[in-house]
Protein chains: 2
Amino acid sequence: MIFSFLKDIVHKTRHIFLYGVAMAVLVFLLKWLQWKYLITDHSSDIYTGLIAILFTTLGVWVARQLTETKNRTIIVEKEVYLSEPADAGINEAELKRLNLTTREYEVLQLLKQGYSNAEIGERLFLSVSTIKTHVSNMFVKLDVKNRTQAVEKANRLKIIR
Amino acid sequence: MIFSFLKDIVHKTRHIFLYGVAMAVLVFLLKWLQWKYLITDHSSDIYTGLIAILFTTLGVWVARQLTETKNRTIIVEKEVYLSEPADAGINEAELKRLNLTTREYEVLQLLKQGYSNAEIGERLFLSVSTIKTHVSNMFVKLDVKNRTQAVEKANRLKIIR
DNA sequence: CGAATTTTGGTACGAAAGTATGAATCGCCT
DNA sequence: AGGCGATTCATACTTTCGTACCAAAATTCG
């Protein structure tokens with residue numbers, strides 16, 4: 001508990017610690033250089049130059065640390081075409097509202113394929129008379145006058161695939 | 001010509017020039033400080049400290065200049081739903097291949113609406129006989145047997161809106 | 001079980017669709 | 001000028017569609 005608290009503190013202030021340590025090292029280095037070259041007067045320029053190089057390097061390093069999070073985020077909107085948004089889904093609500101019977105709906109699906117009444121009859125094993133009845137009743141419910149309009153409306157209402 | 005050449009050189013190396021100038025200014029500053037405080041021996045630490053601060057600042061500035069192009073560009077793809085992806089465009093190639101005449105194409109467009117031959121005739125100011133002719137010829141080109149199949153195929157080939 | 005609905009099928013008839021054939025007119029191109 | 005495709009229209013015929021009216025099973029549901 002207390003350890004994790006201290007650990008957190010250390011983690012958050014590690015940069016400051018690093019700067020402090022680096023500064024201390026440099027100060028010791030400076031003092032050492034001072035003692036070593038203080039004897040010869042001619043070396044004061046070299047001493048100054050070394051200090052300049054050292055602290056320039058330090059400055060660069062410090063700046064690097066400070067600017068590491070200086071990233072600029074550029075968001076580019078890219079248009080992505082989606083194959084078919086909401087095409088697969090059929091309008092269940094509308095389909096229920098129309099109150100079509102199962103057979104009428106089956107006939108409607110075959111109607112869309114362009115089959116004649118006789119062909120539909122063959123596929124459903126029904127007589128042409130029966131198909132005619134279903135078709136006619138369906139037209140009333142869809143409020144259309146012929147099969148082409150029925151298919152057109154079914155497509156528009158998305159009650160068929 | 002020569003001027004623009006020199007201008008280009010200057011432009012590309014302006015950072016180096018700036019660094020040089022800054023360095024010269026600092027050297028003069030150092031010499032001035034050296035003359036001013038060299039009299040008193042106790043000021044050598046202050047002198048060193050000032051040099052350290054100056055060059056640290058210089059280092060930070062240099063680093064800033066070097067990392068100015070450190071921007072990270074993040075491209076985010078954003079999905080944009082387009083009203084109707086490829087619906088507006090009709091298949092011109094297929095339409096041309098079918099070799100429909102102008103009248104046949106007009107009839108086809110009205111056929112899709114579920115109009116009867118008589119209604120199409122009224123809208124195009126033509127007799128029912130003419131409409132029948134166009135419709136029948138069109139069926140051959142589309143390779144279909146009735147109007148419902150014609151509309152279905154036209155929709156599938158996207159040769160009509 | 002009984003009523004309502006759905007499904008199936010039939011007949012009849014008119015309307016519309018579709019096919020086949022022929023023909024006149026028009027615009028365009030060589 | 002002649003050829004050609006497109007357009008227009010007509011007639012005749014067959015097929016399909018669509019409606020109306022009816023009715024017997026089958027199914028669903030309270």
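The chains referred to below are lettered A, B, ... by the order of the sequence lines, with proteins before strands, and numbering in each begins at 1.
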request  = Could you tell me the separation between the CZ atom of B:R147 and the C1' atom of D:dG18, rounded to a whole number of Å?
outcome  = 14 Å
ask   = Hey, which of these two, B:N146 or B:L126, hits DNA chain D nearer its 5' end, going by closest nucleotide?
value = B:L126
request  = Keeping the roles fixed (side chain from B:E152, backbone from A:G114), state whether a donor-acceptor pair exists under 3.5 Å.
outcome  = no
inquiry  = If I compare all heavy atoms of A:K145 with all of B:E119, which pair ends up nearest, and what's the gap?
reply    = NZ-OE2, 4.4 Å
key: Side-chain N or O of A:S136 closer than 4.0 Å to phosphate OP1/OP2 of D:dA20   = no
message = Is there a side-chain contact between A:N117 and the phosphate of D:dC17, meaning an N or O under 4.0 Å from OP1 or OP2?
response = yes
task = Measure from CG on A:N137 to C1' on C:dT8 and round the result to the nearest Å.
result = 12 Å
Residue A:F139, side-chain heavy atoms: nucleotide from C:dA17, D:dT8, D:dG18 that is nearest = D:dG18
task = Could you check B:K132, B:E122, B:R147 and say which one makes a side-chain hydrogen bond (donor to acceptor under 3.5 Å, both in side chains) with B:N117?
result = B:R147
inquiry  = What is the separation between atom NE2 on B:H134 and atom P on C:dA17, rounded to the nearest whole Å?
reply    = 15 Å
key: Nearest-angstrom distance from the residue atom CG of A:L124 to C1' of C:dT8   = 12 Å
message = Output the rounded distance in Å from NZ (A:K141) to P (C:dT7).
response = 8 Å
request  = Please determine, for the side chain of A:K132, which listed nucleotide (D:dG18, C:dG18, C:dA16) has the closest atom?
outcome  = D:dG18
inquiry  = Do A:V128 and A:Y115 sit in one hydrophobic cluster, given that two such residues count as connected whenever their side-chain heavy atoms are within less than 4.5 Å of each other, even indirectly?
reply    = no
query = Which residues within residues 94-111 of chain B lie with some heavy atom under 4.0 Å of an atom in DNA chain D?
reply = B:T101, B:T102, B:R103
ask   = Looking at OH of A:Y105 and CG of A:L111, how far apart are the two atoms once the value is rounded to the nearest 0.5 Å?
value = 13.0 Å
query = Is there a side-chain contact between A:K112 and A:N155, using heavy atoms and a 4.5 Å cut-off?
reply = yes
key: Nearest-angstrom distance from the residue atom CZ of B:F125 to C1' of D:dT7   = 17 Å
query = Quick one: CG on A:D143 to CE on A:M138, what's the gap to the nearest 0.5 Å?
reply = 12.5 Å
query = If you check the B:S129 side chain, which of D:dA10, C:dT11, D:dC17 turns out closest?
reply = D:dA10
query = When you look at A:E104 and A:K141, which way does the salt bridge (charged side-chain N to carboxylate O under 4.0 Å, His left out) test go after all the steps?
reply = CA-CA 10 Å; A:E104 285 165 358; A:K141 292 180 182 177; 2.8 Å; yes
request  = Grab the CD-P distance between A:Q149 and C:dA16 for me, whole Å please.
outcome  = 13 Å
request  = Could you check B:S136 against B:T133 for side chain to side chain donor-acceptor pair (under 3.5 Å), going step by step and ending with a plain yes or no?
outcome  = CA-CA 5 Å; B:S136 198; B:T133 303; over 6 Å; no
Backbone of B:V144 reached by a side-chain donor or acceptor of B:K153 within 3.5 Å = no
key: Axis bend over the full length of the helix from C:dC1-D:dG30 to C:dT30-D:dA1, computed from five pairs that close each end, to 10 degrees   = 50°
query = Between D:dT16, C:dG18, D:dC9, which nucleotide has the shortest distance from any of its atoms to the side chain of B:T130?
reply = D:dC9
query = Using a cut-off of less than 4.0 Å, is there contact between a side-chain N or O of A:S127 and OP1 or OP2 of C:dG10?
reply = yes
Separation of C:dT19 C1' from B:I131 CD1 (nearest whole Å) = 16 Å
